[in-house]
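Just so it is clear, the structure is predicted and the values come from calculations on it, not from any experiment.
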Amino acid sequence: QELDEIVWSPDSWVSSMVFEDAHTFVAKKTVVDFNWNVAEIQFVRMTDAGEELASQQLFSAEEYAEVVWISPLQRLSNGNLVMFYAKRIGNNATFYRVDLNDDLSFSVLQLDWETDDYYDDDRTFYPYNTGMVVNKDGNVIITYPPHSQYHINGTEAMQFLKFDDKGHLVGQRLMEGFRGQDRHHTLPAPDSLGCRIILRSNGSPKLDCYTLDSDLNTLTVKENVEEMSWPYQCCRFAFLKTNPANGKTYSNNIINYPEYGGNPAIVEDIMMSVFDAENFRQTNYTWGLTTQSNDGAGILQSIGFDNDDNVYMVGQMDNVMANEFLNRNLYIAYLDENLNKLGEIYHVDEYAYEVKSMAACPEGGCLVSCHKIHEATNEAGNCLIKITKETLVGIEEAHDAGFVVAVAYPNPGKDVLNIRTGLQDARVEVYDMNGRMVYRQEITENVTAINTTDWSEGTYVWKVVTEGMEIESGKWIKE
């Protein structure tokens with residue numbers, strides 16, 4: 001299975017990618033030294049063929065040592081790019097705004113706010129708990145949980161700071177009394193003037209959603225939002241992103257649940273959800289491929305949208321090296337705005353992967369930035385992978401690229417055989433080793449679940465057939 005690696009580098013990687021047109025994007029690039037310490041942060045302009053057109057240093061190693069939080073690149077309503085960061089000077093932390101020009105030169109504006117209320121040197125403005133929203137009126141809302149209010153009586157507080165485009169503080173609110181949380185997500189409000197804060201309770205699969213208006217007053221509170229109808233669930237990491245074109249919010253995260261048949265072994269699955277714009281109500285969800293081990297999907301920027309509002313999500317699967325952030329395989333999903341699958345890739349090779357970021361190409365397809373380590377040689381480096389829309393959608397193109405378009409799991413299994421495929425107008429057939437058909441069903445869902453309780457132990461052959469042609473097949477073992 002080959003992927004189109006357009007960039008390979010042993011000492012740098014790109015992240016926070018924003019497309020300027022169909023084939024050119026701007027990104028934040030991190031350069032490291034031989035000890036993997038950050039040596040430089042740059043802005044770069046590149047093509048989707050991997051050619052670097054221009055670069056500009058943002059931070060030297062000495063400057064970056066004072067940075068305690070840095071946001072992704074964001075596009076303003078006027079089309080310009082902007083980024084924010086917080087820097088510690090002595091015992092105080094101060095916010096800054098970076099406005100990027102067309103030639104990658106930039107201006108830095110210090111916001112009129114500073115605080116000594118942070119965790120400690122290692123967790124100051126911890127990225128998973130610090131958020132930012134750029135609204136259509138040019139104002140910016142930054143959120144973070146202040147240390148003085150952190151986990152008091154089992155609850156937390158959130159600091160909301162609103163700045164105008166001149167860097168002046170025009171709104172502030174300390175919101176107290178949240179349930180104990182392990183993740184916060186700051187997203188645009190439906191009117192793109194206020195914001196939403198999405199909170200996940202420790203050990204709970206449910207979310208709380210607070211919607212604030214442009215004056216930071218609470219408009220609505222929606223608690224205990226169900227992410228799925230599945231027993232024994234426990235969400236871990238998640239990444240949420242709102243599509244400004246339709247206002248819908250998308251979630252890419254991990255669900256833990258006991259294996260079929262009551263086996264206490266934990267199985268993890270990539271789960272993708274969509275919530276409506278007005279009420280933050282889940283309207284659909286779907287699954288990635290199941291893995292029998294830890295999974296770090298949902299971290300970082302793993303969701304993107306093309307110009308047709310189609311959705312791209314990236315996950316990491318199949319833990320190796322006892323490290324939940326290094327996973328053997330990549331999962332890439334291509335879905336419509338309601339999360340109906342249009343295509344998916346499950347890539348397997350000899351490397352362990354860590355997804356750094358992804359970006360959807362405006363005309364379709366996506367770029368995925370990864371750190372990877374060869375399991376046998378420990379050769380390490382960073383790559384930028386290009387996934388074309390044709391590869392994701394076309395069955396012939398997918399096979400030409402070496403991609404599997406249908407997968408059976410768990411394998412071996414006991415009481416259930418799942419066949420996952422994005423194919424339409426197809427059917428699944430299962431045969432025993434004597435060539436006798438034991439099962440046949442038209443495919444109407446992304447996953448066809450087959451009850452195998454009464455089947456004899458042994459090996460079976462499954463096939464996915466469409467228009468009289470066998471598209472994918474494989475062996476499945478019933479224990």
| message | For Arg173 and Thr218: C-alpha separation, side-chain torsions, deciding distance, then whether side chain to side chain donor-acceptor pair (under 3.5 Å) applies. | response | CA-CA 11 Å; Arg173 180 182 179 186; Thr218 302; 2.9 Å; yes
| field | Worked verdict on Arg196 versus Tyr210 for side chain to side chain donor-acceptor pair (under 3.5 Å) | value | CA-CA 6 Å; Arg196 271 182 167 159; Tyr210 294 77; over 6 Å; no
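- Salt bridge status for Lys389 with Glu363: absent, with no side-chain N to carboxylate O gap under 4.0 Å.
- Distance alone, capped at 3.5 Å, is enough to place a donor-acceptor pair between the Ser9 side chain and the Asp11 backbone.
- Side-chain atoms of Asp137 and Asn139 form a donor-acceptor pair, as typed in the model, at a separation below 3.5 Å.
- Ring-centre distance between His168 and Trp113: not below the 6.0 Å cut-off.
- Looking at Ile345 and Leu330, their side chains never come closer than 4.5 Å, going by heavy atoms from C-beta outward.
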| query | After noting the C-alpha distance and the side-chain angles of Lys248 and Glu337, does the key distance pass the salt bridge (Lys or Arg N to Asp or Glu O under 4.0 Å) rule? | reply | CA-CA 8 Å; Lys248 296 178 180 179; Glu337 65 175 295; 3.1 Å; yes
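- No side-chain donor-acceptor contact under 3.5 Å links Asn101 to the backbone of Leu104.
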| Hey, mind stepping through Glu379 and Lys372 against salt bridge (Lys or Arg N to Asp or Glu O under 4.0 Å) and telling me if it holds? | CA-CA 8 Å; Glu379 176 194 18; Lys372 65 180 192 178; over 6 Å; no
| request: Let me see the working for Asp336 and Leu342 under side chain to side chain contact (heavy atoms under 4.5 Å, CB included), right down to the final yes or no. | output: CA-CA 7 Å; Asp336 68 16; Leu342 304 174; 4.2 Å; yes
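- Taking all atoms of both residues into account, the shortest heavy-atom contact from Lys356 to Val14 is CB-O, 4.4 Å.
- Judged by distance alone, the side chain of His371 and the main-chain N or O of Gly381 form a donor-acceptor pair under 3.5 Å.
- No side-chain heavy atom of Val98 sits under 4.5 Å from any side-chain heavy atom of Val82.
- In this structure the side chain of Val68 never reaches within 4.5 angstrom of the side chain of Lys87, judged on heavy atoms.
- Residues Leu367 and Ile385 are not in side-chain contact: their nearest non-hydrogen atoms beyond the backbone lie 4.5 Å or more apart.
- Looking only at distances, no side-chain donor or acceptor of Glu66 sits under 3.5 Å from a matching main-chain atom of Glu63.
- The local environment of CD in Glu445 is sparse, with at most 12 non-hydrogen atoms from other residues, nucleotides or ligands closer than 6.0 Å.
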| query | Could you go step by step and tell me if Ile387 and Leu392 meet the side chain to side chain contact (heavy atoms under 4.5 Å, CB included) rule? | reply | CA-CA 7 Å; Ile387 308 293; Leu392 282 164; 3.6 Å; yes
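- Taking the six-membered ring where the residue is Trp, the centroids of Tyr250 and Phe275 are separated by 6.0 Å or more.
- Side-chain contact between Gln110 and Thr94: present, with at least one pair of heavy atoms (C-beta onward) separated by less than 4.5 Å.
- The shortest non-hydrogen separation linking Met83 to Pro72 is CG-O, 3.9 Å.
- Here the side chain of Ser16 pairs a donor or acceptor atom with the backbone of Leu73 at under 3.5 angstrom.
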| task | Would you sort out whether Thr47 and Thr24 count as a side chain to side chain donor-acceptor pair (under 3.5 Å), showing the intermediate values? | result | CA-CA 4 Å; Thr47 71; Thr24 308; over 6 Å; no
| CA sep, side-chain torsions, deciding dist, call: Phe84, Phe95, ring pair (Phe, Tyr, Trp, His ring centres under 6.0 Å) | CA-CA 7 Å; Phe84 293 81; Phe95 292 114; 8.6 Å; no
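- The main-chain N or O of Val31 is never found under 3.5 Å from a side-chain atom of Ser12 such that the two would form a donor-acceptor pair.
- A salt bridge links Glu52 to Lys29: at least one charged side-chain nitrogen sits closer than 4.0 Å to a carboxylate oxygen.
- In terms of heavy-atom proximity, Pro190 sits nearest to Thr211 at CD-CG2, 4.2 Å.
- Remark: aromatic rings of Tyr85 and Phe59 are close, center separation under 6.0 Å.
- Checked by atom type and distance alone, the side chain of Lys162 pairs as donor or acceptor with a backbone atom of Ser214 at under 3.5 Å.
- Side-chain contact between Arg75 and Asn80 is absent, with no heavy atoms from C-beta onward closer than 4.5 Å.
- Between Pro362 and Asp306, the shortest heavy-atom contact is O-CB, 3.6 Å.
- A 4.5 Å side-chain heavy-atom check between Ile198 and Phe280 finds at least one atom pair inside the cut-off.
- Atom CG of Asp102 sits in a sparse spot, with 12 or fewer heavy atoms from other residues, nucleotides or ligands closer than 6.0 Å.
- Here the side chain of Asn135 pairs a donor or acceptor atom with the backbone of Leu193 at under 3.5 angstrom.
- The pair Glu5-Lys386 does not meet the salt-bridge criterion, since no charged nitrogen lies less than 4.0 angstrom from a carboxylate oxygen.
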| said: Let's go through Phe43 and Gln57 carefully: what are the C-alpha distance in whole Å and the side-chain angles of both, what is the deciding distance for side chain to side chain contact (heavy atoms under 4.5 Å, CB included) to 0.1 Å, and is it a yes or a no? | reply: CA-CA 6 Å; Phe43 290 125; Gln57 185 187 80; over 6 Å; no
| message | Is there a side chain to side chain contact (heavy atoms under 4.5 Å, CB included) between Met358 and Met313? Walk through the geometry before answering. | response | CA-CA 8 Å; Met358 68 87 65; Met313 296 192 185; over 6 Å; no
| Could you go step by step and tell me if Asp21 and His23 meet the side chain to side chain donor-acceptor pair (under 3.5 Å) rule? | CA-CA 6 Å; Asp21 54 43; His23 299 290; over 6 Å; no
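- Residues Gln159 and Leu174 approach most closely at OE1-N, 3.9 Å, considering heavy atoms.
- By the 4.5 Å heavy-atom criterion applied to side chains, Met46 and Val7 are counted as neighbours.
- Residues satisfying the side-chain hydrogen bond (donor to acceptor under 3.5 Å, both in side chains) criterion with Asp164, sequence neighbours excluded, are absent altogether.
- Checked against the 6.0 Å centroid threshold, Tyr331 and Tyr346 do not count as a close aromatic pair.
- In this structure, Trp13 and Ser369 approach most closely via the heavy-atom pair CB-OG, 4.3 Å.
- Note that CG of Asn252 and CD1 of Ile303 are 5.0 Å apart. Values are rounded to the nearest 0.5 Å.
- When atom types are taken as modelled, the side chain of Asp276 and the backbone of Arg281 share a donor-acceptor pair closer than 3.5 angstrom.
- Formation of a donor-acceptor pair under 3.5 Å by the Asn243 side chain with backbone atoms of Gly247 is not found in this model.
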